[in-house]
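Below, chain A is the first sequence line, B the second, and so on; all start at residue 1.
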Protein chains: 2
Amino acid sequence: MKTLSVREQLLEHTLVLVRQRGFNGFSYRDLAERVGVKTSSIHYYFPTKEDLVQAAVTEYSARICDHVRHIDTGLPPEDQAREFLQPWLDSAGGDRICLVGMLSTEALLLPEPVHRVLKEFYRVNETWLTRLLESVQAAQHKPAALAPQTMAQAVLGALQNGLVVARLFGAPQRIKAAADLLTVAVSGPVVEPVPA
Amino acid sequence: MKTLSVREQLLEHTLVLVRQRGFNGFSYRDLAERVGVKTSSIHYYFPTKEDLVQAAVTEYSARICDHVRHIDTGLPPEDQAREFLQPWLDSAGGDRICLVGMLSTEALLLPEPVHRVLKEFYRVNETWLTRLLESVQAAQHKPAALAPQTMAQAVLGALQNGLVVARLFGAPQRIKAAADLLTVAVSGPVVEPVPA
DNA sequence: GTCTATAAGGCGATAGAC
DNA sequence: GTCTATCGCCTTATAGAC
């Protein structure tokens, strides 16, 4: 377990605070207390709060998008979908939603460079899902009811709101509706296991 | 066109401000300037900011839920779905998202009485969609790939995030993926009109 | 790099005159 | 009901010592 530099600690705690409370929901004081420095030290690394959030969203988007890009396209579609869904299922029901979902909701408060990263996140994830659904559709005889891109956007949206609702209700399983939507699209009807 | 009381004006402008910027994204000063009163007058009607947001979310949820409850259940499912979708399509691409979607994202900043209204909003909308999908499914020979309740949650989630993304991209048509998901679920494949 | 000290202004909220 | 005036605190941000 590596020791993080102060800058890295600031970034990690910012990721947590934004995912919990949003851009306007935490202060330099909150962040300083968590890392164990004074607020003036934060300004040394991130001159303004916009610099801080820009670094946070860039780091977060890179992590998720890298995860998606590294999914083995040789795997069966069901397995690719499972890999894609993993980070979403992992965070469902905790106190953190997707950082991109949070900041997109607060978009009117944020500068344009942040918008660019948010849009890129949606583009990368939707494009990956579209390709997956296209490959499934190409292997079938009947065309799907919804175009791959349309289903991709619907799935990603359902996942984003799924995290929000799972947290609101304190019910991790509420992410399952969105996950099932993707699962069905790549591999047919979901059959729940029957209790013995 | 009726003249609104000061209290009604405060509530209407609060609905707008929350849908644009969220609970922490506007101040009593912002609201006072818009209505043309001093900030102390706001406290006369709404002693605390939590009182203000409680009144706003209650009013907003009542409006949408009443709209949903008044949809004629005797209509064909496609027409019921169209009615349901109308307020979502109307606000897509503007600067306002769903107030419930906004406050749900900010849930950790808000008191429990607000949570109760947010959850009730999801319950009412999901229940209505579930019933609609059940009625469609009962009239068909094959069972749908997804259970009605699951599809209902996915559709509502896709709509919420659809508003967020439509605003972020400045592209009203981005709400269509979510709308198509519901439309297909109640009436089969969506066929785009071919340009002449 | 990290600190102390402080600036300059915003915030929600209250007291009391009218 | 609406105002003026003000309180106490929080906010982001900066200057300058160490």
Side-chain angles (χ1 to χ4, degrees), chain A residues 2-58 99 102-103 106-114, chain B residues 2-59 99 102-103 106-115:
Chain A
K2 182 166 178 309
T3 306
L4 297 179
S5 70
V6 170
R7 201 198 126 94
E8 288 167 333
Q9 289 181 64
L10 289 169
L11 211 43
E12 289 304 320
H13 281 275
T14 300
L15 291 177
V16 173
L17 284 166
V18 172
R19 293 177 66 190
Q20 289 172 332
R21 310 192 206 164
F23 177 71
N24 266 349
F26 77 100
S27 69
Y28 270 46
R29 179 154 66 165
D30 296 322
L31 179 56
E33 280 172 2
R34 266 150 233 250
V35 176
V37 297
K38 300 298 176 179
T39 61
S40 51
S41 296
I42 305 175
H43 288 283
Y44 173 79
Y45 297 100
F46 306 99
T48 72
K49 203 180 178 186
E50 290 187 355
D51 294 324
L52 179 64
V53 76
Q54 180 77 48
V57 70
T58 302
L99 184 138
M102 176 64 82
L103 294 184
E106 295 180 299
L108 295 194
L109 312 168
L110 299 167
E112 200 272 341
V114 170
Chain B
K2 180 164 179 312
T3 305
L4 298 179
S5 70
V6 171
R7 199 198 128 96
E8 286 166 335
Q9 289 182 64
L10 288 169
L11 210 43
E12 289 305 319
H13 281 275
T14 300
L15 291 177
V16 173
L17 285 166
V18 171
R19 292 177 67 187
Q20 288 173 332
R21 311 192 205 163
F23 177 71
N24 266 349
F26 77 100
S27 69
Y28 270 46
R29 179 156 59 164
D30 296 322
L31 179 55
E33 280 171 3
R34 267 150 231 253
V35 177
V37 296
K38 299 299 176 178
T39 61
S40 51
S41 295
I42 306 176
H43 288 283
Y44 173 78
Y45 296 100
F46 306 99
T48 72
K49 203 179 178 186
E50 290 186 356
D51 294 324
L52 179 63
V53 75
Q54 180 76 49
V57 69
T58 301
E59 173 65 24
L99 185 138
M102 175 64 82
L103 294 183
E106 296 180 298
L108 295 194
L109 311 169
L110 299 167
E112 200 271 341
V114 170
H115 290 196

Residues within residues 42-49 of chain A bordering DNA chain C, heavy-atom distance below 4.0 Å: A/Tyr44, A/Tyr45
Pair listing, side-chain hydrogen bond (donor to acceptor under 3.5 Å, both in side chains) test, anchored in residues 2-11 of chain A, at least two apart: A/Ser5-A/Glu8
Side chain B/Lys49, main chain B/Phe23, donor-acceptor under 3.5 Å: yes
For A/Gln54, side chain to side chain donor-acceptor pair (under 3.5 Å) partners two or more places apart: none
Residues from residues 10-17 of chain A lying under 4.0 Å of DNA chain D - heavy atoms: none
Stretch residues 23-33 of chain A: residues that reach within less than 4.0 Å of DNA chain D through a heavy atom: A/Phe26, A/Ser27, A/Tyr28, A/Arg29
Interatomic distance, B/Leu52 atom CG to B/Leu11 atom CG [nearest 0.5 angstrom]: 7.0 Å
Side chain to side chain contact (heavy atoms under 4.5 Å, CB included) involving B/Pro47 - partner list, sequence neighbours excluded: B/Asp51
Results of side chain to side chain donor-acceptor pair (under 3.5 Å) for A/Ser40 - residues two or more places apart only: none
4.5 Å side-chain heavy-atom contact, A/Phe26 and A/Thr14: yes
Where B/Leu10 and B/Leu31 come nearest, the two heavy atoms and their spacing: O-CD1, 3.7 Å
Non-hydrogen atoms of B/Glu59 and B/Leu15 that approach each other most closely: CG-CD1, 4.4 Å
Would you mind writing out the side-chain donor-acceptor pairs for residues 32-39 of chain B within the sub-3.5 Å range, not counting sequence neighbours?
from	atom 1	to	atom 2	distance (Å)
B/Arg34	NE	B/Asp30	O	3.4

Nucleotide interval of DNA chain D bounded by contacts with chain B (heavy-atom cut-off, under 4.0 Å): D/dG1 to D/dT4
With sequence neighbours excluded, residues passing salt bridge (Lys or Arg N to Asp or Glu O under 4.0 Å) with B/Glu12: B/Arg63
Pairs where residues 29-49 of chain B contributes a residue and the test ring-ring contact (aromatic ring centres under 6.0 Å, His included) is met, not counting sequence neighbours: B/Tyr28-B/His43
